[in-house]
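Just below is one structure, and these are the notes that go with it.
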Amino acid sequence: MLRAPLEETSRWFVDGDALVQRADRDGTDHLARVVGEDWFWYSTTARGRLMFRAAVVATFTETHPETSALARRLLDRMNRAWEPQSIDARRTHVS
């Protein structure tokens, strides 16, 4: 089934398995886990990855103001709660 780009973008944003290496994808709710715990993976942390995804979704969904605003608000809250991190957007490996 082909999903709309907005739906796919939203699913990509909240996919907790994307916060860990493939070998660690064991059914754990990593999205919930990242709230109280951070871990380093390759060039950044799980929180850094989530913050990067929020920024991408906020930008990608600008034609959908409600979704874009929600992603921006989430990113603003994460920036206040956690130390902002930069992430290299170039893909240098396959996970």
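The shown structure was predicted, so the numbers you read here are calculated from the model rather than taken from an experiment.
Between the side chain of T59 and the main chain of A55, a donor-acceptor pair closer than 3.5 Å is present. A donor-acceptor pair is defined here as one N or O able to donate and one able to accept, closer than 3.5 Å; no such pair exists between the side chain of R53 and the backbone of V14.
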V56 vs W12, test: side-chain contact (heavy atoms from CB on, under 4.5 Å). Steps then yes/no. CA-CA 10 Å; V56 169; W12 174 78; 3.8 Å; yes
Could you walk me through whether T45 and W82 satisfy the side-chain contact (heavy atoms from CB on, under 4.5 Å) test, starting with their C-alpha distance in whole Å, then the side-chain angles of each, then the deciding distance to 0.1 Å, before giving a yes or no? CA-CA 11 Å; T45 67; W82 305 327; over 6 Å; no
For the pair V34 and R49, evaluate side-chain contact (heavy atoms from CB on, under 4.5 Å) and give the outcome as yes or no after the intermediate values. CA-CA 10 Å; V34 78; R49 290 175 188 281; over 6 Å; no
Intermediate values then yes/no, side-chain contact (heavy atoms from CB on, under 4.5 Å), L19 and W39: CA-CA 9 Å; L19 301 175; W39 55 94; 4.0 Å; yes
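With rounding to the nearest 0.5 angstrom, the CG atom of L75 is 9.0 Å from the CG atom of L50. Summarising the geometry, atom OG1 belonging to T63 is positioned 7.5 Å from atom CG belonging to L6; distances are rounded to the nearest 0.5 Å.
Applying the salt bridge (charged side-chain N to carboxylate O under 4.0 Å, His left out) test to pairs two or more places apart or on separate chains, those with a residue in residues 66-81 are E62-R72.
Closest non-hydrogen pair, A54 versus M78, comes out as CB-CE, 3.6 Å. Closest of all the heavy-atom pairs between S10 and T67 is OG-CG2, 4.4 Å. Looking at every heavy atom in both residues, H30 comes nearest to R33 through ND1-NH1, 3.0 Å. In terms of heavy atoms, A58 sits closest to S68 at O-OG, 2.6 Å. The minimum heavy-atom distance linking V57 with T9 is given by the pair CG2-CG2, 3.6 Å.
Follow the hydrophobic side-chain contacts under 4.5 Å out from M51 and you reach L31 in the same cluster. Both L70 and F52 belong to a common hydrophobic cluster when Ile, Leu, Val, Met, Phe, Trp and Tyr are linked at side-chain heavy-atom distances under 4.5 angstrom.
Within the 4.5 Å cutoff, the side chain of L74 has heavy atoms near those of the F13 side chain.
Under the side-chain hydrogen bond (donor to acceptor under 3.5 Å, both in side chains) criterion, T28 pairs with D26, sequence neighbours left out.
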